[in-house]
Amino acid sequence: MKARTRAAICLLTPFFVLFTAVTAIPIGYAVWLSLFTEKQSGLGFGGSESVFNGLGNYTAALGDRAFREGFGVLLGYCLLYIPLLLAGALGLALLLDSTLARARRFFQLALFLPHAVPGIIAALIWVYLYTPQLSPVVEAMEAGGIGFDFFSPEGSLPSVVNIALWEWLGYNMVIFYAALQAIDRSVLEAATVDGAGAWRIAFGIKLPLIRASLVMVGLFTVIGSLQLFTEPLILNKGTGSAVTSTWTPNMYAYTAAFDRNDYGLAAAASVLLALTAALLSFGVTRLTGRRKERTA
Amino acid sequence: MSRRNRTPNVWLSRTAVNGALLLAVGYMLFPLAWLVTAATKDAGGLLAGDAFSFEGFDLAGNLSRLAEQGDGVYFRWYLNSLLYAGVGAAGCALISVAAGYAFHSYDFRAKEKLFGVVLLGVLVPSTALALPMYLLASEIGAVNTAWAVLIPVLVNPFGVYLARVFCAGYIPDEALEAARIDGAGELRTFWSIGLRMVMPGFVTIFLFQFTAIWNNFFLPLVMLSDQNLFPLSLGLYAWNSNAHAEPGYYPLVVTGSLLAVVPLVVAFVSLQRHWKAGLTAGSVK
């Protein structure tokens, strides 16, 4: 018994030591930093010193219109992106799982491939495809009578959503497809014998059975969406796009830290972002947990 | 009779289903096709915008310019990426499997509470951590060193979760009991029996972490300022920032991007079994 406890400690220690170092301590440090602000001493020649500021950084961040608008952008992004992603991935997975689909391995691999492309490169490719002088897409759209400016204020959100969809649609489709494949085939056969049609089987039987993966994908997508940074950063730099350097809260924190050297403000913004993520994931798990109890 | 009626119907549905899937594949693949044709063009051909053609074909020229630019710094970045992703993913997979194995094989006080901490860790947004991590690293003088981008990626709570699921699937309790009866110590049992049996899980976690590190951008962006330490993602970003003023950088960025994508595409095509296993283990149940 003692040997086993010792072994368990040995095997768990590397993970938990590192976890503490790169997760727990940074969280604590961020909270600590967010309570202080830099103050220029004297006439601004003698460097600066750290002064306790209470919740001042939080009120400063929340009082900044750019920061609040960042959350507005995130909200719009989530409202557009998450339904499209879930419906698209689910639709494709159901199509692939239907008895009519051919060449399933090919489809899975082809749809998954964009996930192998680093986010920064995906963003670069799409920015080129959005640029009127370079892009065959814009050209084709204009030939078809559709004029759409991907860099305009109204175009920015769809532009970013499209990049994210391209990166994640196939990935989540494969998760749903794997869950669908795990369904006991005899259940589906029984339903067919009872006269249920393809639509009825898809939405009445298959969907409820893979609810766990739907919730998981939804949760990870929400957390991922809150961290939106790389794609809009590429759109922000030199494309003449309407994406600003504080477009998302994450970009706001980055700009506060590295352009303005205001670490306290940046830390407060990071903490607020992490709190939002915690609240949302708590909400999602609570909501779905309760529903599970009801059906049980 | 019903059969004769149904046949064209089935044919129609089949065409619709596979047609819709093909449409989705087209959407997924055409940006990649563009990347391939664009990488073969010189700056003039690229800016002329005659995409999907091989006009102004100059792949060899692009490759040699890529090798020459900044004394071959691109291949330095390539090696850095391989180093960070290879070492980081191997370390992360080993650490995750050790912890997952402990959670699977042993009973100890507060086990499920500790595992709950791991699950909470999955939900922490990593970019919210990068900034405080940078400030901590600058306190201890680790900023702008390889350690700053290597140590954080050794930790992946989701990897521990996966490892526990894999251990439950691959390691029968009898195997461990047999080893103990033969007198093997606990750590010895883990190393020569447990780890070996859960190898497919190890490879899966390795693959996922390798991709994550290879694609990582925010952490290196925050931590590194020395060009010689850049991974590919950060290097290409830097070049792209120059391209707005100096269009000669465009072919470098595009060709460099294509080469940067190749190893992951190869890995995913050849290791299909593993990434599917990883996604399944994460999603079912």
For [X], is it the side chain, the backbone, both or neither that has a heavy atom under 4.5 Å from a heavy atom of chain B?
X         : result
Asn162(A) : both
Leu214(A) : neither
Leu165(A) : both
Ile120(A) : side chain
Leu18(A)  : both
Phe15(A)  : both
Trp32(A)  : neither
Leu96(A)  : both
Phe106(A) : side chain
Leu92(A)  : both
Thr23(A)  : both

Need one label for [X]: side chain, backbone, both or neither, based on atoms under 4.5 Å from any heavy atom in chain A.
X         : result
Phe217(B) : side chain
Asn240(B) : side chain
Val160(B) : side chain
Phe268(B) : both
Asn156(B) : backbone
Leu35(B)  : side chain
Leu131(B) : side chain
Val222(B) : both
Pro263(B) : neither
Val269(B) : both
Arg109(B) : neither
Ser241(B) : neither
Leu232(B) : neither
Leu114(B) : both

Checklist outcome for this item: Scored by heavy-atom pairs under 4.5 Å with chain A, the best of Leu154(B), Leu187(B), Val124(B), Leu135(B) is Leu135(B)
Checklist entry - Do you know which of Gly121(B), Cys92(B), Pro157(B) has the most heavy-atom pairs under 4.5 Å to chain A? => result Pro157(B)
Next on the checklist: I'd like to know if the side chain of Asn236(A) reaches the main chain of Ser241(A), judged simply by a donor and an acceptor atom lying under 3.5 Å from each other, with no hydrogens or angles considered.
Outcome noted: no
Checklist entry - Between Ala274(A), Ala101(A), Ala30(A), Ser281(A), which shows the greatest number of heavy-atom pairs under 4.5 Å with chain B? => result Ala101(A)
Checklist outcome for this item: Ranked by heavy-atom pairs below 4.5 Å to chain B, first place among Pro118(A), Pro14(A), Gly119(A) goes to Pro118(A)
Item to check | Candidate pair Tyr128(A) and Tyr250(B), rule ring pair (Phe, Tyr, Trp, His ring centres under 6.0 Å), full reasoning | outcome: CA-CA 10 Å; Tyr128(A) 284 51; Tyr250(B) 279 121; 5.5 Å; yes
Next on the checklist: Between Phe19(A) and Leu12(A), is the side-chain contact (heavy atoms from CB on, under 4.5 Å) condition met? List the steps.
Outcome noted: CA-CA 11 Å; Phe19(A) 182 74; Leu12(A) 288 171; over 6 Å; no
Checklist entry - Would Phe158(B) and Phe220(A) count as a ring pair (Phe, Tyr, Trp, His ring centres under 6.0 Å) if you check the C-alpha gap in whole Å, the side-chain angles of each, and the deciding distance to 0.1 Å? => result CA-CA 11 Å; Phe158(B) 194 63; Phe220(A) 280 131; 5.6 Å; yes
Checklist entry - Would you call the rings of Trp214(B) and Phe210(B) parallel, tilted or perpendicular if under 30° counts as parallel and over 60° as perpendicular? => result parallel
Checklist entry - Going by the angle between their ring planes, with limits at 30° and 60°, are Phe103(B) and Phe115(B) parallel, tilted or perpendicular? => result perpendicular
Next on the checklist: Heavy-atom count check: over 12 atoms from other residues, nucleotides or ligands less than 6.0 Å from Phe282(A) CZ?
Outcome noted: no
Next on the checklist: Surrounding CZ of Arg104(A) (heavy atoms of other residues, nucleotides or ligands, distance under 6.0 Å), is the total greater than 12?
Outcome noted: yes
